[in-house]
Amino acid sequence: MSTAVDWLRTSTPGLLVLCGLAIAVLLVVIIKVKLEPFVALLIVGLGLALAAGLPVSEIVGTAIKSNESLLETGFGGILGHIAVIIGLGTVLGAILERSGGAQALTSKLLGIFGERGAPIAMGLLGLIFGIPVFFDIGIFVLAPLVYVAARQGGKSLVLYALPMLAGLSMTHAFLPPHPGPVALGGLLEVNLGWLILMGFVCGIPGFIAAGLVWGNWIGKRVIVDVPEDFINDADVEPEGTGGTSVATKRPVVTTPPSVGLIGTIIAVPLVLILGATFGSILLDPGNLLEVLTFLGTPAVALLIAVLIAFYVLGIRRGSTVQELSTLTGESLRPVGMLLLVVGAGAFFGKVISATGIGTALADAMAAAGLPIIVLAYVISCALRIAQGSATVAIVTTGGIVGPLVAAQDYSPMATALVAMAIASGSIILSHVNDGGFWIISKFFNMTVKQTLQTWTVLETILSVVSFAVAAVLFAIVA
């Protein structure tokens with residue numbers, strides 16, 4: 001018995017077996033037992049640490065001092081990196097949504113592309129509005145606008161919905177301030193500016209292939225009508241964009257904000273973060289670089305964007321500070337469990353690193369001749385297909401692959417491409433174990449079979465094409 005335990009804890013094959021067992025248990029408790037992923041990751045992480053023979057003091061600390069334990073550093077390290085960014089990003093998305101920005105973007109894009117180009121307009125709507133807005137919120141807000149386009153065009157709802165969904169999915173998977181990319185920035189220790197750049201470079205080809213090419217082809221073959229209980233959003237006053245302020249009885253501006261204003265607010269944090277990234281490459285140390293670095297710190301860049309949005313989309317349009325505070329509180333409520341899942345996933349990754357499993361994986365990968373970017377994609381795909389959650393797939397894969405990346409002298413661009421591979425794998429083959437699958441089936445009036453034919457294939461194309469771009473670039477720069 002002692003020999004078997006020693007083999008598990010010290011040999012490369014034994015450590016790989018431990019890792020495989022831990023992931024298997026994780027999947028069982030999430031899929032079969034239906035345990036909350038946060039709790040499941042915490043339990044499995046603690047179990048793996050004990051099974052691998054790590055000292056209790058290293059796992060949870062001591063009664064006197066616990067702030068250097070794997071539990072503390074795992075949670076604290078990643079949450080210190082992502083909590084502010086995700087929180088501010090959520091608030092920014094909420095004020096943009098409440099202001100009527102989606103309606104303004106829709107009208108402008110439909111005016112530019114016309115009736116025949118309406119599916120492209122819907123794709124760009126999802127792509128632009130998806131940058132600051134979470135995926136499911138984007139569906140809730142944009143679905144009625146897709147209904148309008150489909151009813152006016154007189155064609156299948158699928159033709160208009162898939163491009164929009166591809167835009168939302170691409171931004172959610174690949175671009176900060178969405179949780180997955182932000183978490184990967186912390187787990188792989190890569191600058192968010194590089195993640196933004198590589199997110200666009202890898203995600204846009206996938207968006208075109210999945211949303212525009214596939215969406216146009218399948219949208220002509222799967223015929224779905226607009227839901228019977230559809231209410232024309234054009235006849236409903238968007239909440240927060242018209243009427244009278246309850247608190248003060250002051251008139252609230254009823255006209256939607258301009259597209260240029262919405263685009264500027266969305267662009268502000270992206271430009272500031274990219275400015276700091278390029279400044280660190282092109283500029284010598286000095287005052288200008290310090291200014292760019294300060295303004296381009298993701299938390300500062302997003303805070304600036306939020307303050308601008310509060311003023312130009314809130315105060316100037318008749319909202320009070322109290323109303324904006326209420327909106328902020330409401331928008332942040334769903335974020336708590338998400339942060340806990342990411343923190344537990346980071347702890348799981350810390351355990352994998354401390355047990356030596358990361359080194360064992362690196363040795364096995366080298367022996368098999370498998371590039372790290374392929375390993376990252378395969379692990380992420382397997383976790384996504386097995387348990388359905390993109391966030392769990394990302395944080396678990398990031399925890400496994402993070403030590404391997406840290407052991408190599410990769411450039412920031414190469415590390416960002418590994419992050420893109422993980423993100424690509426986390427969205428593949430959405431099916432019945434994914435909550436998003438059922439949201440899309442319900443909102444766009446599709447049967448399970450139709451959702452598999454359309455949405456599931458879309459996600460797979462987006463995943464494969466985006467990974468292919470990341471893999472080719474990684475082979476060039478790594």
Side-chain angles (χ1 to χ4, degrees), residues 7-8 10-27 48 52 173-174 180-181 183-184 187-190 194-195 198 201-203 205-206 345 348-387 390 392-429 459-478:
W7 177 80
L8 280 173
T10 59
S11 70
T12 294
L15 288 169
L16 292 178
V17 168
L18 269 181
C19 183
L21 288 173
I23 293 174
V25 171
L26 179 65
L27 293 176
L48 176 59
F174 297 107
L184 285 172
L187 291 168
L188 303 186
E189 297 183 4
V190 59
W194 281 108
L195 290 179
M198 294 303 102
V201 168
C202 298
F348 184 70
K350 282 280 188 182
V351 170
I352 286 175
S353 178
T355 56
I357 289 173
T359 303
L361 274 172
D363 294 341
M365 183 180 66
L370 190 65
I372 189 171
I373 195 166
V374 176
L375 178 70
Y377 181 66
V378 169
I379 294 173
S380 185
C381 284
L383 289 168
R384 159 65 166 187
I385 293 168
Q387 51 78 45
V392 172
I394 283 176
V395 297
T396 306
T397 307
I400 295 170
V401 175
L404 310 184
V405 174
Q408 304 295 322
D409 189 23
Y410 289 131
S411 67
M413 180 177 177
T415 304
L417 289 169
V418 174
M420 292 303 103
I422 296 173
S424 297
S426 76
I427 57 172
I428 198 170
L429 207 67
E459 284 283 82
T460 304
I461 293 172
L462 178 59
S463 169
V464 171
V465 172
S466 299
F467 168 68
V469 175
V472 169
L473 290 175
F474 184 83
I476 296 171
V477 304

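If you're wondering where the values come from, they're calculated on a predicted model, not measured in any experiment. FYI, the numbering just counts along the sequence from 1.
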Asks: Has the side chain of S424 got a donor or acceptor atom that lies under 3.5 Å from a matching backbone atom of M420?
Replies: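 A pair under 3.5 Å: yes.
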
Asks: Can you tell if the side chain of L383 reaches within under 4.5 Å of the side chain of I23, non-hydrogen atoms only?
Replies: yes

Asks: How many angstroms lie between atom CD1 of I427 and atom SG of C381, to the nearest 0.5 angstrom?
Replies: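 Taking CD1 in I427 and SG in C381, the distance rounds to 9.0 Å.
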
Asks: Under the side-chain contact (heavy atoms from CB on, under 4.5 Å) test against L404, which residue among V418, L188, I372 passes?
Replies: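 Going through the options one by one, the only one that passes is I372.
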
Asks: Can F348 and V395 be said to form a side chain to side chain contact (heavy atoms under 4.5 Å, CB included), step by step?
Replies: CA-CA 9 Å; F348 184 70; V395 297; over 6 Å; no

Asks: Identify the heavy atoms of Y377 and A421 that sit nearest to each other, and give their distance.
Replies: CD1-O, 3.3 Å

Asks: Any heavy-atom pair between the side chains of Y410 and L417 that's under 4.5 Å?
Replies: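 Answer no - side chains too far apart.
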
Asks: Measure from the side-chain N and O atoms of R384 to the backbone N and O of A393, and report whether any donor-acceptor pair falls under 3.5 Å.
Replies: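 Side chain of R384 to backbone of A393: no pair is present.
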
Asks: Test side chain to side chain contact (heavy atoms under 4.5 Å, CB included) on I379 and I400 and set out the steps.
Replies: CA-CA 9 Å; I379 294 173; I400 295 170; 4.0 Å; yes

Asks: Main chain of A376, side chain of S380: is a donor-acceptor contact present, judged purely on distance under 3.5 Å?
Replies: no

Asks: Give me the one residue out of I394, T415, T397 that meets side-chain contact (heavy atoms from CB on, under 4.5 Å) with L184.
Replies: I394

Asks: Less than 4.5 Å apart, any side-chain heavy atom of M413 and any of V190?
Replies: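 No; the side chains remain at least 4.5 Å from each other.
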
Asks: Just distance, no hydrogens or angles: give the donor-acceptor pairs under 3.5 Å from side chains in residues 464-476, sequence neighbours left out.
Replies:
unit_1: S466; atom_1: OG; unit_2: C202; atom_2: O; d: 3.1
unit_1: S466; atom_1: OG; unit_2: L462; atom_2: O; d: 2.8

Asks: Which heavy atom of T460 sits nearest a heavy atom of L429, and at what distance?
Replies: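 Result for this residue pair: OG1-N, 3.2 Å.
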
Asks: Using a 4.5 Å cut-off on heavy atoms from C-beta on, say whether the side chain of V378 contacts that of L370.
Replies: no

Asks: Using every non-hydrogen atom in the two residues, find where A423 and A173 come nearest and quote the distance to one decimal.
Replies: CB-O, 3.2 Å

Asks: From L26 CG over to L21 CG, what is the distance, rounded to the nearest 0.5 angstrom?
Replies: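 It comes to 12.5 Å.
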
